[in-house]
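Working notes, beginning with the structure itself.
Proteins get letters first, then strands, A, B, ... in listed order; numbering begins at 1 in each. Just so you know, these numbers come straight off a predicted model, no measurement behind them.
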Number of protein chains: 2
Amino acid sequence: MYNACKSGTSEKNPLPEKTQKKPSRIQQRNRRLILDAALEVFSRHGFRGATLDQIAAEAGLSKPNILYYFDGKEDIHLTLLSQLMENWLDPLVEMNPAGDPVKEILAYVQRKLDMARELPRESRLFAGEILQGAPRIRPELEHHLKPLFDEKCALIARWVDEGRLPPLDPRHLIFSIWATTQHYADFESQVSLLMDAADDTYASAARHLETMFTRLLTA
Amino acid sequence: MYNACKSGTSEKNPLPEKTQKKPSRIQQRNRRLILDAALEVFSRHGFRGATLDQIAAEAGLSKPNILYYFDGKEDIHLTLLSQLMENWLDPLVEMNPAGDPVKEILAYVQRKLDMARELPRESRLFAGEILQGAPRIRPELEHHLKPLFDEKCALIARWVDEGRLPPLDPRHLIFSIWATTQHYADFESQVSLLMDAADDTYASAARHLETMFTRLLTA
DNA sequence: AAAAATTTTTACCATTTGGTAAAGCCAAGA
DNA sequence: TCTTGGCTTTACCAAATGGTAAAAATTTTT
């Protein structure tokens, strides 16, 4: 069994009982504080751009105190990334093989767009990691993302074979969905500069993406 | 007149004649070496992740020698970004108001995809900067990108008004083009992990994007 | 060739930063 | 009350890193 309290690849044992006993209330609270602060800082400045001092300040704790709860900067980053992966894959997992192809895919697009709006920090954290060659998260990608991706590609290919979708490359369809939805979180600084501040970017984006993918999938 | 030899926002004058006289042959060569090395390093590790030592090693020069040609790390980065902006906007500039709307936009998509394939380092450098809130390039975005964006949005809106394109939001159309094409460069590590290494990713991506935007624009 | 200007290297420096050791604090149980 | 064990702080450190001064080497000009 995997102990949810312990992070990624660890050898040391800074918290004497961490691997065995239940985390105390204060432990839960502080780990949460740290991870939340780290998400903020890492997503804004990238792994190397972030400093433990910044994270400590954001969390309202001292730097050594942070290192009491995590084995180091890398440990915090990896913990964050691992936790993120679950939520990240969720919308794709929910794509239902028994449902209507067009409806399922359009719903997936909307769920992805919702995530970009509600979790922009997570999106940027992930984007930054991939952008730099996924040095820390590649194993996670191989073990969790790749199988799911292959499974859903096969599903979409089947839908195409059955004539329930027009001919298209499932892999590139998924890439296009990821790219267009995450764009609003990852490139937010550019988007907000180019959009008139007046109207709701995400609302109009939702309409546009629905239009685009509807036309693609019902040709 | 803007002196191409001088970089972004500078006050100091490390090269005595740089602002006035023509750059010597050796000066041209070394500045080029440094910028090329810096592009490599910055695009792989981001601004803060890159070190002058890495850039120096990659360029085959010593660190102080690099600081003889540039005012500092920031100066190199900004120079790179400014030079990039031109090439980056070029494909959009080329979108011809007198041409056929669908053809023009599809051609733009292909040009953008070509750029992602041929200049992935530039794409990632730009993406990294935007991802972190465009702290160094925002003025360039405002002065160069924004006016061009607005102009082309107006053009596309006119095409829609004239009934030569189906109803759509020009802003989100452009975002979708940027997102889907740059995705192949910016998220290359993920894409290459998910695609079977066998087939040509960019070739199939080109077909997919042509299909997708054709269906969107000819509905 | 000598002088002048430019380019490169050597030897540093100050700051930042991830991380540690050890003493002090504080709450719960004996 | 006293002790035990987890939690926090204070005071550090070694390495990395952006940057500089000035001498040495090289190229260009006269």
Side-chain angles (χ1 to χ4, degrees), chain A residues 5-7 10-34 37-38 41-42 44-80 136, chain B residues 5-7 10-34 37-38 41-42 44-80 136:
Chain A
C5 173
K6 200 68 195 75
S7 48
S10 67
E11 301 82 16
K12 292 170 61 181
N13 199 1
L15 274 54
E17 317 301 336
K18 195 171 58 174
T19 47
Q20 300 299 342
K21 291 184 185 169
K22 63 182 190 293
S24 71
R25 208 147 288 108
I26 199 166
Q27 222 171 106
Q28 271 184 287
R29 177 179 61 88
N30 281 353
R31 279 184 70 95
R32 188 171 287 273
L33 272 176
I34 293 167
V41 177
F42 279 135
R44 270 216 308 268
H45 304 289
F47 179 75
R48 288 230 28 204
T51 70
L52 285 179
D53 291 287
Q54 281 176 295
I55 295 171
E58 183 86 22
L61 299 173
S62 68
K63 181 166 64 172
N65 203 2
I66 282 189
L67 292 167
Y68 173 74
Y69 289 101
F70 289 90
D71 283 347
K73 191 181 178 183
E74 190 113 25
D75 185 28
I76 301 176
H77 193 249
L78 199 64
T79 301
L80 225 37
R136 280 170 278 272
Chain B
C5 174
K6 200 66 196 73
S7 48
S10 67
E11 302 82 17
K12 291 172 61 182
N13 198 5
L15 273 54
E17 316 301 337
K18 194 170 57 174
T19 47
Q20 301 299 341
K21 291 182 186 171
K22 65 180 188 293
S24 72
R25 211 150 293 106
I26 198 167
Q27 222 170 108
Q28 271 184 284
R29 177 179 61 90
N30 281 352
R31 279 184 69 95
R32 187 170 286 273
L33 272 176
I34 293 167
V41 177
F42 279 135
R44 271 217 306 267
H45 304 288
F47 179 74
R48 289 228 30 203
T51 71
L52 286 179
D53 291 288
Q54 280 176 298
I55 295 171
E58 183 86 20
L61 300 171
S62 69
K63 181 166 65 175
N65 202 3
I66 282 189
L67 292 167
Y68 172 73
Y69 289 101
F70 290 90
D71 283 348
K73 191 181 176 182
E74 190 114 24
D75 186 29
I76 301 175
H77 193 250
L78 199 63
T79 302
L80 226 37
R136 281 170 278 273

Look only at the side chain of A:Arg31 and the backbone of A:Tyr69, and say whether a donor-acceptor pair between them is shorter than 3.5 Å.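 Pair found, side chain donor or acceptor close to backbone of A:Tyr69.
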Donor-acceptor pairs under 3.5 angstrom involving side-chain atoms of residues 59-66 of chain A: please list them, not counting sequence neighbours.
| from | atom 1 | to | atom 2 | distance (Å) |
| --- | --- | --- | --- | --- |
| A:Ser62 | OG | A:Asn65 | N | 3.3 |

Listed by chain and number, what are the side-chain contact (heavy atoms from CB on, under 4.5 Å) partners of A:Arg48, not counting sequence neighbours?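 Residues passing side-chain contact (heavy atoms from CB on, under 4.5 Å) with A:Arg48: B:Thr51.
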Which residues pass the side-chain contact (heavy atoms from CB on, under 4.5 Å) test with A:Arg32, sequence neighbours left out?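 A:Arg32 satisfies side-chain contact (heavy atoms from CB on, under 4.5 Å) with no residue once adjacent residues are dropped.
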Tell me, which of residues 45-55 of chain A have any heavy atom that sits under 4.0 Å from an atom in DNA chain C?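 Within residues 45-55 of chain A, the residues near DNA chain C are A:Ala50, A:Thr51, A:Leu52.
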Taking all atoms of both residues into account, what is the closest heavy-atom pair of A:Leu78 and A:Arg136, and its distance?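 Heavy atoms of A:Leu78 and A:Arg136 come nearest at CD1-O, 3.2 Å.
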Minimal non-hydrogen separation, A:Thr79 against A:Asp75, with atom names: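 So the minimum-distance heavy-atom pair works out to OG1-O, 2.7 Å.
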Could you encode protein contacts along nucleotides 24-29 of chain C as a string, one character per nucleotide from 5' to 3', using B for base contact, S for sugar-phosphate-only contact and - for no contact, with a heavy-atom cut-off of under 4.0 Å? ------
For a quick test of reading the model: is some side-chain N or O of [X] closer than 4.0 Å to OP1 or OP2 of [N]?
X       : N      : value
B:Gln27 : C:dT6  : no
B:Asn65 : C:dT10 : no
A:Tyr69 : D:dT8  : yes
A:Tyr68 : D:dT8  : no

Expressed in angstrom and rounded to an integer, what is the separation of [X] atom [atom1] from [N] atom [atom2]?
X       : N      : atom1 : atom2 : answer
B:Ile66 : D:dT20 : CD1   : P     : 14 Å
B:Arg29 : C:dT7  : CZ    : C1'   : 10 Å
A:Ile76 : C:dG18 : CD1   : C1'   : 11 Å
B:Ile26 : D:dA25 : CD1   : C1'   : 11 Å
B:Leu67 : C:dT9  : CG    : P     : 13 Å
B:Phe70 : C:dT7  : CZ    : P     : 13 Å
A:Asn30 : D:dC7  : CG    : P     : 9 Å
A:Gln28 : D:dC7  : CD    : P     : 11 Å

Below 4.0 angstrom, which residues in residues 56-64 of chain A have at least one non-hydrogen atom near DNA chain D?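 Close to the strand are A:Ser62, A:Pro64.
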[atom1] of [X] to [atom2] of [Y]: how many Å apart, nearest 0.5 Å?
X       : Y       : atom1 : atom2 : value
A:Arg25 : A:Asn30 : CZ    : CG    : 13.0 Å
B:Leu67 : B:Ile34 : CG    : CD1   : 8.5 Å
B:Glu58 : B:Leu33 : CD    : CG    : 10.5 Å

Taking side chain as C-beta onward, heavy atoms only, is B:Phe42 less than 4.5 Å from B:Ile76?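 The answer is yes; the side chains approach within 4.5 Å.
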Residues that A:Arg44 engages under salt bridge (Lys or Arg N to Asp or Glu O under 4.0 Å), provided they are two or more places apart: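 Salt bridge (Lys or Arg N to Asp or Glu O under 4.0 Å) check on A:Arg44 returns A:Glu40.
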